[in-house]
2 protein chains.
Amino acid sequence: MTTLNKKHYHHGDLTKSLLESASAIIKDHGVESLSMRKLADIVGVSRTAPYHHFKDKNALLCALAEEGFYEQGKILGRLRAEQNTAQESFKKYVNAYLEYALQHSEIYDLMYGRTLWKAGNPSDSLKAASKHTFKSWIEWVEELQHQKILPNNNTPLRIGQTTWASLHGLARLFIDGIYLDKADLSEMIEQMIENVCTHTKA
Amino acid sequence: MTTLNKKHYHHGDLTKSLLESASAIIKDHGVESLSMRKLADIVGVSRTAPYHHFKDKNALLCALAEEGFYEQGKILGRLRAEQNTAQESFKKYVNAYLEYALQHSEIYDLMYGRTLWKAGNPSDSLKAASKHTFKSWIEWVEELQHQKILPNNNTPLRIGQTTWASLHGLARLFIDGIYLDKADLSEMIEQMIENVCTHTKA
DNA sequence: ATTCTATCTTGACAGTGTCAAAATAAACTG
DNA sequence: CAGTTTATTTTGACACTGTCAAGATAGAAT
C-alpha cells in the first residue's frame, strides 16, 4: 500500500470511476435516479464493490459535493483575481455564481441542499470545505464594504449572510423548477444586484 | 355516492386520516422518513389502501403542499387585512413568512422545494394554488411600489420575483440546515428588509 | 513460497412504491 | 326485500433500493 500508482485489479481506479460516473448520472438524470447498484453496474463492478471505497451512499454524495466546492472555488477565485473595478468584479461574481449553480445544478444541490445537510450526514471534510468557502466569501464582503460596494450598515457576517441568501434563493428557484423561464434570469440578477449594492440605490 | 356523509367502512375518512398522519410524520421526522406502507400501518389499514385515495405518493405530497398554500395564504392574508402603515405591514409580512417557513419547514419544502417541482410531478391543483399565491403577491408588490416601500426601478413582476427569492433563500438556508443558529434570524430579516426596501436605504 | 492485506463477489435481509386480482361492505334498483 | 352495481379494502406479487456478512481472489510484503 506504499505504492502511489493505483493500477491494480481489473479496475484501474474505482474511486475515481465511481465519482465520475455518479457525477454524470446525476447531471443527466438527477440525484434521485442515482442508485448504488446501477452505479456499480455501469462502472462494471458488483453491487457492493463501491462500499469498499465509500462508507455508504451519503459518503459518495459528500465527496461529490466537496469536489463541487473546489471547482466553484476555482472559478470564483480566478474571477476575483482579474483586474476589474470592485463594482465590475462583484457583478461578474454574482453572474458566475448563478451560472455555476444552474449549470451544475445537481452538484449545487448537494453542496447547499437538504439532501446532505439536513436529511443526510455531511462529512467532516465537506463541512470544512463549505466553511472555508463561506469564510473567504465573508472576507471578500468586508473588502467590498470598504470599497462602498456593499452596505456598511452591518457587520461583514450579516451582510455576507443576507446577500448570499439572496443569490442562493434565486438559484434555488430555478434549480428546483419553480422558476422555469431562464430568459428572465439576467434581468433578475441585475435587479438583485441593485437591491444588494449601495451605490446603485435610488 | 350521493351521500355527503362519509362514515362508511371501518374507517371514517381515510383521505383525511392519511393527510393528517402524513403531516404529523413529516413534521416530526422529515419527509424522507415517510413511507406509504408505514403510513398505512399507522392509520390502521393495509399497504395498498391509500392508493384508492391518492394515485401515488406524489399525489399525497401534492395534497399536503396544497393545504400548505391555503394555510399560508390565510395567515398572510389576515396580516395584510390588519390596519397598519404599509411599512409596518410589509415588515410583519416578511417576519410572518419566515416564521411560517421555519415552523412548517417540511410543508414549506413540499410547497416550494425540489421534491415536487423538479423530482416529482406537481398536480394541476397544486400548480394552481401556487400560481394564485404568487399572483396575489405580485399584486401586493405593485401596491407597495406605489407606496414607495418597494423600489420603482422595475416592474412589479421583477421586484416581486427578486424580493421573494431573497426571502426564500433565507428560509431555505435555515430549513436545509445550512444555517443553524436561529438566534441570528431576526437580525438577518432586518437586514434583508433594508436591502429590499427603498426608503431605508443609506 | 508464504503470509498478509486490499479489493472484489455472492448471498442475504429488510425495506420501498405500486400493480393486479380477489374479497368485502355499502349504496342503488327493481 | 333481493339482486346488482359501485366504493372500498386486502392479499399476493414484482422489481427495486441500501447495505451487511462471509467468502473468494489478486497483488504486495516478507
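Here is how names work: the chains are called A, B, and so on, in the same order as the sequence lines, proteins then strands, and each is numbered from 1. Please read these numbers as outputs of a predicted model, since none were measured by experiment.
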Worksheet entry | D:dA7 OP1/OP2 closer than 4.0 Å to side-chain N/O of B:H53 | no
Worksheet entry | Sugar-phosphate or base contact per nucleotide [nucleotides 11-21 of chain D; S, B, -; heavy atom under 4.0 Å] | BBB---BBBB-
Fill in: Spacing between B:L18 atom CG and C:dG17 atom P, to the nearest angstrom
13 Å
Worksheet entry | Interatomic distance, B:D41 CG vs C:dG17 C1' [rounded to whole Å] | 16 Å
Worksheet item: Given A:H132 and A:Y70, is the ring-ring contact (aromatic ring centres under 6.0 Å, His included) satisfied, shown in steps?
Response: CA-CA 10 Å; A:H132 176 262; A:Y70 294 133; 8.3 Å; no
Item to complete: Would you kindly give the CZ-to-C1' distance between A:F54 and C:dA6, to the nearest whole Å?
Response: 16 Å
Worksheet item: Between B:Y179 and A:W164, what is the ring plane arrangement, given parallel below 30°, perpendicular above 60°, and tilted in between?
Response: perpendicular
Response to the item:
Residues passing the side-chain hydrogen bond (donor to acceptor under 3.5 Å, both in side chains) test with A:E32, sequence neighbours excluded, are B:R114
Worksheet item: Could you go step by step and tell me if B:R80 and B:K92 meet the side-chain contact (heavy atoms from CB on, under 4.5 Å) rule?
Response: CA-CA 9 Å; B:R80 260 188 262 170; B:K92 285 193 179 179; over 6 Å; no
Worksheet item: Whole-Å distance between C:dT18 P and B:L39 CG?
Response: 12 Å
Discussion item. Around atom NZ of B:K57, are there more than 12 heavy atoms from other residues, nucleotides or ligands closer than 6.0 Å?
Written reply: yes
Worksheet item: According to the interplanar angle, ranging from 0 to 90°, do the rings of A:Y112 and A:Y108 count as parallel (below 30°), tilted (30 to 60°) or perpendicular (above 60°)?
Response: tilted
